[in-house]
There are 2 protein chains.
Amino acid sequence: MATQKESGAPARRPRTPDTTPAASKADIVLNAARSIFLAHGFSAATTDMIQREAGVSKSTVYAAWPTKEALFAAVIQRECGQFADSLRDMQFESDDITHSLTQLARAYLSLIVSPKGLALYRVIVAEAPRFPELGRAFYAAGPEVVASIVAQFLERGAARGLIDVQTVGFPTAAALFISIVRGEAQLECLMHPDARPSDAQIDRWVEAAVQTFAFAFVKRP
Amino acid sequence: MATQKESGAPARRPRTPDTTPAASKADIVLNAARSIFLAHGFSAATTDMIQREAGVSKSTVYAAWPTKEALFAAVIQRECGQFADSLRDMQFESDDITHSLTQLARAYLSLIVSPKGLALYRVIVAEAPRFPELGRAFYAAGPEVVASIVAQFLERGAARGLIDVQTVGFPTAAALFISIVRGEAQLECLMHPDARPSDAQIDRWVEAAVQTFAFAFVKRP
DNA sequence: GTCTATATGAAGATAGAC
DNA sequence: GTCTATCTTCATATAGAC
């Protein structure tokens, strides 16, 4: 594949250079950095590894980001954005409350116990003291997104007389639902990195969580 | 204070050298290593920092542990043991179910959102892929200890007709209780390292968690 | 066992040619 | 902008004196 010069399209001086013809070098570096940072964490990752993985030289890395810290921040911010996008794409039918909660829980749990989800969590938990803005970004992109979806869902259920959040309120009930779903499953995966959970195991966690939440807040017919 | 030579006590050749007269050098190094590793994580921590913090030379460090990895493992194993000890010391009266659960939850949550508890969690989550045995040790020293305490407590409550764990079983119910207590509180603290939670905030988290658990599993009189 | 001094290697970051 | 080559710094680990 011949490397095209920037005169590919005869448009008159595009101010923002077209990056579509192929992944730009910056994107290649960013993807390589994601791979390395998620695999090794911030401190153990080296710019040499990233440079090698991307197949570029050091100068290309430092041309786009002034420091290793800035590159790391760019990687994590992008990952958080994609994480939030995939959460917002979650759809579920609202006919049966328990069934809908099960669907939502399974989608969320599958995402956060996936290798990518666990790796992102690990590196952010580890580096949040050094990069506080990344901790906030992750919280806003993950738990807060899900919480708002669940809270709206609970409010609609309550309006139909199917749910009673009792004394705790909708936002807290939503946060509790997320905690119940996430809790044991994520912790076990984090602490036993050799064993990957089966789909059946995920279903069991989801079922116990949804049942418990339903015992507390879903009205019996 | 004059540095005493090892001829302090005229006992005849003690086989296991007495370490009580003052903290042994190895203990000093271990404490310094704990401080540095918990503050910076494994990779960002350096043996120079530890050596400086302990006020000893490099040789003293390498005399007791062959590598940085071995020193790290020793530190974390000891921390996990102390963590488990402080959990096992938790006592609570079993007159009132809700009150007892509240006491238990507050003690556990205070521990894990303390600076020390958060730092230990951060470093283990980050390094579990590289040190799988430490992840298992932490899981056994923390969640498993609490789970067994809670499960026994729930069984006694069920025997008295105060609790109905319904379809989920005692071990799962205990794990769910821990997840509900831990969930939102720990996550917020991890992701907002600048803000330390007040006692009132901890009480609010505990109350919401215990209420929800009670809604699901504690029988109404 | 503990110290000072040093070997060895690698990290982050830069200089200068193209 | 991108590359090769290099500079500076500092880490882990070791050698040798006390």
Side-chain angles (χ1 to χ4, degrees), chain A residues 1-8 13-19 21-33 36-37 39-75 127 130-131, chain B residues 1-8 13-19 21-33 36-37 39-75 127 130-131:
Chain A
M1 38 179 115
T3 57
Q4 293 188 326
K5 303 202 173 176
E6 59 267 34
S7 59
R13 293 202 211 131
R15 297 212 169 219
T16 51
D18 196 341
T19 56
S24 71
K25 290 262 168 159
D27 278 340
I28 294 174
V29 172
L30 208 57
N31 288 331
I36 298 295
F37 279 132
H40 299 90
F42 176 75
S43 295
T46 70
T47 53
D48 263 26
M49 294 181 195
I50 294 168
Q51 167 219 139
R52 210 175 306 132
E53 174 87 8
V56 300
S57 71
K58 280 183 133 37
S59 314
T60 305
V61 177
Y62 282 96
W65 296 275
T67 63
K68 184 186 174 187
E69 281 81 2
L71 176 56
F72 179 70
V75 166
E127 299 302 336
R130 194 128 79 104
F131 300 86
Chain B
M1 35 177 121
T3 58
Q4 294 188 325
K5 304 202 172 178
E6 59 266 33
S7 59
R13 293 204 210 130
R15 298 212 167 220
T16 50
D18 197 340
T19 55
S24 72
K25 291 260 170 164
D27 278 340
I28 294 174
V29 172
L30 208 56
N31 287 332
I36 299 295
F37 279 133
H40 299 90
F42 176 75
S43 295
T46 70
T47 53
D48 263 26
M49 293 181 197
I50 294 169
Q51 168 219 137
R52 208 175 308 132
E53 174 88 7
V56 300
S57 71
K58 282 184 138 30
S59 315
T60 305
V61 177
Y62 283 98
W65 296 275
T67 63
K68 183 185 173 186
E69 282 80 3
L71 176 56
F72 179 70
V75 165
E127 299 302 335
R130 195 129 78 105
F131 299 87

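Note that the coordinates shown come from a computational prediction; the quantities given were computed from them, not determined experimentally. Note on naming: letters A, B, ... go to the chains in the order of the sequence lines (proteins, then strands), and numbering restarts at 1 for each one.
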Legend entry - 4.5 Å side-chain heavy-atom contact, B/Leu30 and B/Leu71: yes
Inset, instruction - Could you tell me the separation between the CD1 atom of B/Ile50 and the C1' atom of D/dA13, rounded to a whole number of Å? - result: 14 Å
Legend entry - Close side-chain approach of B/Lys68 and B/Phe37, heavy atoms under 4.5 Å: yes
Legend entry - Distance below 4.0 Å between A/Lys58 side-chain N/O and C/dA10 OP1 or OP2: no
Inset, instruction - Please figure out whether B/Ala26 or A/Lys68 has its closest DNA chain C nucleotide nearer the 5' end. - result: B/Ala26
Inset, instruction - Nearest whole angstrom, please: distance from the C1' of D/dA13 to the CG of B/Leu71. - result: 14 Å
Legend entry - Partner of A/Glu53 under side-chain contact (heavy atoms from CB on, under 4.5 Å), chosen from A/Ile36, A/Asp48, A/Ile28: A/Ile36
Legend entry - Whole-Å gap separating C1' (D/dT2) and CD1 (A/Ile28): 13 Å
Inset, instruction - Between D/dT2, C/dT2, C/dA11, spot the one nearest the side chain of B/Thr60, thanks. - result: C/dT2
Inset, instruction - Find out whether A/Arg130 and B/His40 are in side-chain contact, i.e. whether some heavy atom of one side chain is under 4.5 Å from a heavy atom of the other. - result: no
Legend entry - Among C/dG12, D/dC3, D/dA11, the nucleotide that comes nearest once only the side chain of A/Thr46 is considered: C/dG12
Inset, instruction - Kindly say if B/Ser57 contacts the phosphate of C/dT2, meaning a side-chain N or O under 4.0 Å from OP1 or OP2. - result: no
Inset, instruction - Rounded to the nearest angstrom, tell me the gap between atom OH in B/Tyr62 and atom P in C/dA7. - result: 17 Å
Legend entry - For atom CH2 of B/Trp65 and atom P of D/dA13, their distance in whole Å: 14 Å
Inset, instruction - Using a heavy-atom cut-off of under 4.0 Å over every strand shown, decide if B/Ala64 touches base, sugar-phosphate, or nothing. - result: nothing
Legend entry - Distance, rounded to the nearest Å, where A/Asp27 contributes CG and D/dG1 contributes P: 13 Å
Inset, instruction - Give B/Ala45 one of three labels, base, sugar-phosphate or nothing, depending on what nucleic acid heavy atoms sit under 4.0 Å from its own. - result: sugar-phosphate
Inset, instruction - State, yes or no, whether a side-chain contact exists between B/Thr67 and B/Phe72 at a heavy-atom distance under 4.5 Å. - result: no
Inset, instruction - Let me know the distance between CD of B/Gln51 and C1' of C/dT4, rounded to the nearest Å. - result: 11 Å
Inset, instruction - Look at the side chain of B/Ser59 and the base of C/dT4, then say whether one donor and one acceptor between them are separated by less than 3.5 Å. - result: yes
Inset, instruction - Mind calculating the distance between CD1 (B/Ile36) and P (D/dT12) to the nearest angstrom? - result: 11 Å
